[in-house]
Amino acid sequence: MMRKRLLLLLLVLSFVLSGCSIAYKFSGASIDYTTTQTFSIEDFDNQAALVYPPAAQQFTESLRRLYTRQTRLREVASEGDFSLSGSIIGYDLAPVAVQEDAFASRTRFTLTVRVVFENKSNPKKNFTRSFTAYSDFDSSNLFSDVQDGLLQELIEDITKQIFNSTAEDW
């Protein structure tokens, strides 16, 4: 009798659960592809006081790759349904941990990018905003030795922030 009840309960649960489904979108993009089909990203320029020549091109290409990989939008040269432009406005180094001898033991590298976003299908979502990321490194290292690796980390962080604010609507 107990086995029959257990079997019946399992049977009922399997029917109930088979009617339920949970869907996850790992890209997180919340784009209405019926109204938004293209994106354009103008070349970002570098207006920071400290200019590292490859930074602007690396940033622009990383942002383009992210949209290409994470969305079904088609890239166009200009005036896309999603249009992004902007500048690197901050490329800064600052001491963050000072030792007893008044020398910094850690240095903070900060990257700031100003972005102009236009959404042709929903102009209420347009914005001009700055995005910032930073990373600390041991001051015993020369910045020129760690710069490229740190820059890639910061670019990845900021491009994700931008993507979240535009395509994921965060």
Side-chain angles (χ1 to χ4, degrees), residues 20-96 104 106-137 141-170:
C20 300
S21 66
I22 299 173
Y24 293 101
K25 282 179 25 178
F26 292 106
S27 72
S30 61
I31 299 169
D32 180 358
Y33 289 105
T34 60
T35 59
T36 307
Q37 298 166 355
T38 61
F39 76 94
S40 59
I41 298 175
E42 291 182 22
D43 289 337
F44 279 66
D45 60 348
N46 198 334
Q47 297 180 355
L50 176 61
V51 174
Y52 182 54
Q57 181 179 359
Q58 288 176 6
F59 180 82
T60 303
E61 290 305 315
S62 181
L63 190 58
R64 285 180 178 143
R65 277 192 309 272
L66 184 60
Y67 274 86
T68 301
R69 281 192 325 257
Q70 297 292 324
T71 72
R72 291 183 291 161
L73 299 177
R74 184 177 34 88
E75 184 175 5
V76 294
S78 63
E79 299 188 24
D81 297 324
F82 276 9
S83 177
L84 292 108
S85 60
S87 303
I88 294 174
I89 59 172
Y91 196 94
D92 305 304
L93 296 170
V96 290
R106 304 224 19 105
T107 301
R108 177 164 292 166
F109 172 39
T110 305
L111 181 67
T112 304
V113 179
R114 183 179 50 240
V115 175
V116 178
F117 172 67
E118 294 180 28
N119 182 335
K120 287 190 178 175
S121 65
N122 190 352
K124 291 178 184 176
K125 295 187 178 187
N126 294 355
F127 64 77
T128 299
R129 188 162 76 206
S130 294
F131 296 87
T132 301
Y134 67 86
S135 183
D136 297 343
F137 64 96
N141 295 320
L142 293 174
F143 181 59
S144 60
D145 292 341
V146 296
Q147 180 173 214
D148 288 329
L150 294 174
L151 178 61
Q152 280 311 116
E153 287 177 30
L154 300 185
I155 286 174
E156 184 178 324
D157 186 348
I158 292 175
T159 56
K160 284 180 183 177
Q161 290 178 47
I162 294 167
F163 187 82
N164 289 344
S165 296
T166 57
E168 293 185 353
D169 206 14
W170 287 11

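Owing to the predicted nature of the structure, the values given are computational and were not obtained by experimental measurement.
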**Q.** S121-T36 side chain donor-acceptor pair, cut-off 3.5 Å
**A.**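 Per modelled atom types, S121 and T36 side chains form a pair under 3.5 Å.
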
(Q) Working note: Q161 + D157, criterion side-chain hydrogen bond (donor to acceptor under 3.5 Å, both in side chains); need CA distance, chi angles, decisive distance, verdict. (A) CA-CA 6 Å; Q161 290 178 47; D157 186 348; 3.0 Å; yes

Smallest separation among heavy atoms of [X] and [Y], with atom names:
X    : Y    : result
I162 : Y67  : O-OH, 4.1 Å
F137 : N141 : CE1-O, 3.9 Å
L150 : S135 : CD2-OG, 3.4 Å
S40  : G80  : OG-N, 3.0 Å
Q70  : F163 : CB-CZ, 3.4 Å

Q: For side-chain contact (heavy atoms from CB on, under 4.5 Å), just list the numbers for T71 and F82, CA-CA rounded to whole Å, side-chain angles, deciding distance to a tenth of an Å, and then say yes or no.
A: CA-CA 12 Å; T71 72; F82 276 9; over 6 Å; no

List for me each residue that meets side-chain contact (heavy atoms from CB on, under 4.5 Å) alongside [X], sequence neighbours excluded, and say none if there are none.
X    : result
T159 : F59, S62, L63, L66, I155
D145 : L142
P95  : A104

Checking [X] now: which residues fulfil side chain to side chain donor-acceptor pair (under 3.5 Å) with it, not counting sequence neighbours?
X    : value
E153 : none
R108 : D136
K120 : none
D81  : T38

Q: Tell me, please, which residues at least two apart from E75 pass salt bridge (Lys or Arg N to Asp or Glu O under 4.0 Å).
A: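 Once residues adjacent in sequence are excluded, the partners of E75 under the salt bridge (Lys or Arg N to Asp or Glu O under 4.0 Å) criterion are R64.
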
Q. In Å, rounded to the nearest 0.5 Å, how long is the span from CG of L50 to CG of L93?
A.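 So the CG of L50 and the CG of L93 are separated by 6.5 Å.
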
Q: Kindly compute the distance separating CD (E61) from CZ (F44), expressed to the nearest 0.5 Å.
A: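 Rounded to the nearest 0.5 Å, the CD-CZ separation comes to 11.5 Å.
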
Q: Output, in order, the C-alpha distance, side-chain angles, deciding distance and verdict of side-chain contact (heavy atoms from CB on, under 4.5 Å) for L111 and F131.
A: CA-CA 8 Å; L111 181 67; F131 296 87; over 6 Å; no

**Q.** Side chain to side chain, E118 and N126, heavy atoms closer than 4.5 Å
**A.**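 Yes, their side chains come closer than 4.5 Å.
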
Q.
So for atom OH, which belongs to Y52, do other residues, nucleotides or ligands contribute more than 12 heavy atoms lying within a distance under 6.0 Å?
A.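 Counting neighbours around OH of Y52, more than 12 heavy atoms of other residues, nucleotides or ligands fall under 6.0 Å, so yes.
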
Q.
With a 6.0 Å cut-off on the ring centroids, do F143 and F109 count as close?
A.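 Yes, the ring of F143 comes within the 6.0 Å limit of the ring of F109, centre to centre.
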
Q: Report yes or no: does T60 contribute a side-chain atom to a donor-acceptor pair with the main-chain N or O of D43 at less than 3.5 Å?
A: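 Here the side-chain-to-backbone pair does not exist.
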
Q: Check the pair R74 / V76 against side-chain contact (heavy atoms from CB on, under 4.5 Å), numbers first and verdict last.
A: CA-CA 6 Å; R74 184 177 34 88; V76 294; 3.5 Å; yes

With a cut-off of 3.5 Å and sequence neighbours excluded, list every side-chain donor-acceptor pair involving residues 83-92.
unit_1 : atom_1 : unit_2 : atom_2 : d
S87    : OG     : D45    : OD1    : 2.4
Y91    : OH     : Q147   : OE1    : 2.7

Q. Sequence neighbours excluded, which residues qualify as ring-ring contact (aromatic ring centres under 6.0 Å, His included) partners of F127?
A.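 With sequence neighbours excluded, F127 shows a ring-ring contact (aromatic ring centres under 6.0 Å, His included) to F117, given in chain and number order.
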
